[in-house]
Each structure stands twice: as structure tokens, then as C-alpha cells.
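Only heavy atoms go into these numbers, but all of them, side chains included; no hydrogens, no water, no symmetry mates. Since the model is a prediction, treat every value here as computed from it, not as a measurement. Position 1 is the first residue of the sequence, and the numbers go up from there. Just follow the structure's listing: the first ligand is 1, and inside any ligand the first atom is 1.
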Amino acid sequence: SDIPTLADLYSSGEVVAGDGEVKYNHDEVLNKRVSIWRGDITKLKADMIVNAANSSLLGGGGVDGAIHRAAGPELLDECKGLGGAETGETKVTRGYELPSKYVAHTVGPIYSSKHKEKCQNQLQSCYESSLNLCKKYDGGVIGFSSISTGVYGYPIKDATEIAIKTTRKFLENDQSVTRVIYVVFSKKDEEVYKSVIPNYFPPP
Ligand code: AR6
């Protein structure tokens with residue numbers, strides 16, 4: 001099959017923080033728990049992947065569209081029963097035809113520089129609520145798409161800071177989430193994540 005298992009990801013060298021060649025962090029526990037992977041999140045085999053949804057939770061374009069196509073129509077059927085979600089809120093479904101067991105559908109903010117602080121709080125809430133739901137659904141490996149940074153227009157650098165900072169805080173107080181994988185789609189986004197991670201997972 002063309003679906004990469006986690007073992008494949010580690011050995012391919014595409015994981016740049018964590019078990020890959022580049023080590024960013026002197027904190028052994030956290031170091032083994034954070035990775036970047038550039039690829040299609042619908043191919044990732046994790047316990048939970050995080051979808052950048054909209055408040056209807058009924059699908060859309062971007063990563064949301066890709067996840068619904070790959071999961072098959074049963075995903076939409078389950079989503080119809082969720083009753084939508086507020087910005088910053090997250091709801092979980094099964095993964096159906098996806099390699100991952102669960103999908104956390106989180107609603108990121110539509111970015112507005114006039115309401116920067118509100119957007120920051122809402123995006124932080126997306127990451128916090130997703131991580132808490134992963135813990136609730138028995139933890140393991142969670143793969144995040146880069147919430148709000150596509151059509152919702154959140155500046156990638158600012159969004160990445162929030163993603164990593166919120167993860168660091170969560171992992172310090174949790175043992176159930178064994179690995180957080182930031183799934184990036186573009187080379188540029190990968191560079192941003194690589195530059196921000198050492199700020200929160202500092203090298204020795
Ligand atoms: N795997 C991983 N990342 C992806 C994939 C993929 N298959 N496809 C796109 N990305 P976006 P948003 C990246 O626009 O900004 C939808 O219509 C993409 O390059 O998907 O939160 C929803 O229904 C970008 O880095 O989400 C909402 O209406 C990131 O995923 C709205 O878009 C997020 O981009 C949500 O907008």
C-alpha cells in the first residue's frame with residue numbers, strides 16, 4: 001500500500017524533529033514527542049488527525065475536502081449528527097476509510113488583523129481542545145493540519161507559534177499523547193515550523 005506507516009515516516013528521514021536526524025530539544029521526553037511531516041494528512045496513520053473544518057462541520061475545500069473524500073461518505077453522515085461547532089471548538093468522529101482511527105474537526109478563526117487577540121485565543125483553543133480530545137480518546141499519536149492558515153488567512157508564522165506553544169504546555173502535563181505530528185503541505189510552511197520549534201523545544 002502507498003500509505004506510510006509511522007515506522008516508514010521515521011526511517012525515511014522526513015521527520016525532522018523527534019526520531020529523525022535533527023534533534024531540537026534537550027528535554028528527552030518532549031523531544032521524542034514532536035515531529036514535522038510534509039505530506040498529505042489523509043495518508044498519515046495516526047490515532048487522531050485534526051481537520052481544519054468550518055462551523056457547519058459538513059465539509060468544504062482544502063484539507064477538509066481531502067479528508068472527506070478519503071474517509072468516504074460515512075464521515076459526512078456522522079458529521080450531520082454533530083450539530084456544527086463554534087470557532088475554537090472541536091468535535092470527534094471516526095476515521096472510516098482513513099488510515100487514522102479518529103478525526104478531530106476543529107473550527108479555526110477566519111483571520112482578521114483588527115481582532116488579532118480574539119483570533120489568537122480561538123486558534124489556541126483549537127489546539128487545546130484537539131489535544132484534550134486526543135487524551136480523552138485514549139491518546140497516542142495526533143497529526144495536526146495547519147489550522148486556519150489556508151483560506152482562513154491566518155499568517156503562518158503567528159499560527160505556528162500558537163500551535164507549538166500550546167503543544168508544549170499540554171505535553172508538560174500529559175503522558176497519554178505520545179507524539180504530535182505537524183503535517184505541513186508546503187516547503188515554506190515546513191521551514192516556518194522548523195524555525196519556530198526550537199523556540200519552544202530548545203536545543204541544548
Ligand atoms: N494534507 C495536509 N494539509 C493540507 C492538505 C492535505 N491533504 N490540503 C491542504 N492542506 P485550509 P483553513 C493545508 O484552507 O485555512 C475549508 O473549506 C493547506 O495548505 O484547508 O483552516 C473548510 O471547510 C494549509 O496549510 O483550512 C473551511 O471552510 C492548511 O492545510 C476552511 O477551508 C489549512 O488550509 C478552513 O480554512
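- The closest approach between Ser146 and ligand 1 falls below 4.0 Å for a heavy atom of the residue.
- Not a single donor-acceptor pair under 3.5 Å links the side chain of Lys91 to the backbone N or O of Thr106.
- Nearest to atom 15 (O) of ligand 1 among the protein's heavy atoms is Gly150 N, 2.8 Å.
- Closest to atom 24 (C) of ligand 1 among all protein heavy atoms lies Thr149 OG1, 3.9 Å.
- Geometrically, ligand 1 and Asn54 share a nitrogen or oxygen pair separated by less than 3.5 Å.
- Residue contact check for ligand 1: Ser186 places no non-hydrogen atom closer than 4.0 Å to it.
- Of the candidates Ile41, Asp64, Val107, Asp189, Asp64 brings a heavy atom nearest to atom 23 (O) of ligand 1.
- Interface atoms of ligand 1 facing Gly39, defined by a heavy-atom separation under 4.0 Å, are 1 (N), 2 (C).
- Shortest non-hydrogen contact noted between Tyr193 and Val184 is CD1-CG1, 3.4 Å.
- At a 3.5 angstrom cut-off on N or O pairs, Val151 counts as close to ligand 1.
- With respect to atom 13 (C) of ligand 1, the closest heavy atom belonging to the protein is Phe185 CB, 4.0 Å.
- Near Val63, the atoms of ligand 1 lying under 4.0 angstrom from a non-hydrogen atom of the residue are 1 (N), 2 (C), 3 (N), 4 (C), 5 (C), 6 (C), 8 (N), 9 (C), 10 (N), 20 (O), 30 (O).
- Less than 4.0 angstrom separates some heavy atom of Asp40 from each of these atoms of ligand 1: 1 (N), 6 (C), 7 (N).
- Judged purely by distance below 3.5 Å, without hydrogens or angles, the side chains of Tyr182 and Thr167 pair a donor atom with an acceptor atom.
- Not one N or O on the side chain of Asp174 forms a donor-acceptor pair closer than 3.5 Å with the backbone of Phe170.
- Hydrophobic cluster membership is shared by Ile162 and Ile197, with clusters built from Ile, Leu, Val, Met, Phe, Trp and Tyr side chains linked at under 4.5 angstrom.
- Checked against a 3.5 angstrom limit, the closest N/O atoms of Ser145 and ligand 1 fall outside it.
- Exactly one of Asp138, Asn132, Leu133 qualifies for a side-chain contact (heavy atoms from CB on, under 4.5 Å) with Lys136. That residue is Leu133.
- In this structure the side chain of Tyr111 reaches within 4.5 angstrom of the side chain of Ser113, judged on heavy atoms.
- Protein heavy atom in closest approach to atom 21 (O) of ligand 1: Ser148 N, 2.8 Å.
- Minimum heavy-atom separation, Leu171 to Val34: CD1-CG2, 3.8 Å.
- Using a 4.0 Å cut-off between heavy atoms, Ala66 contacts ligand 1 through its side chain alone, with no backbone atom that close.
- Not a single N or O atom of Ala52, backbone or side chain, sits closer than 3.5 Å to an N or O atom of ligand 1.
- Between Ile147 and ligand 1, no pair of N/O atoms sits closer than 3.5 Å.
- Nearest heavy atoms, Val180 versus Val177: CG2-CG1, 3.9 Å.
- Taking any N or O of Gly61, backbone or side chain, at least one lies under 3.5 Å from an N or O belonging to ligand 1.
- Atom numbering of ligand 1 starts at 1 in the shown order; those under 4.0 Å from a heavy atom of Gly60 are 17 (O), 23 (O).
- A donor-acceptor pair is defined here as one N or O able to donate and one able to accept, closer than 3.5 Å; no such pair exists between the side chain of Ser125 and the backbone of Asn121.
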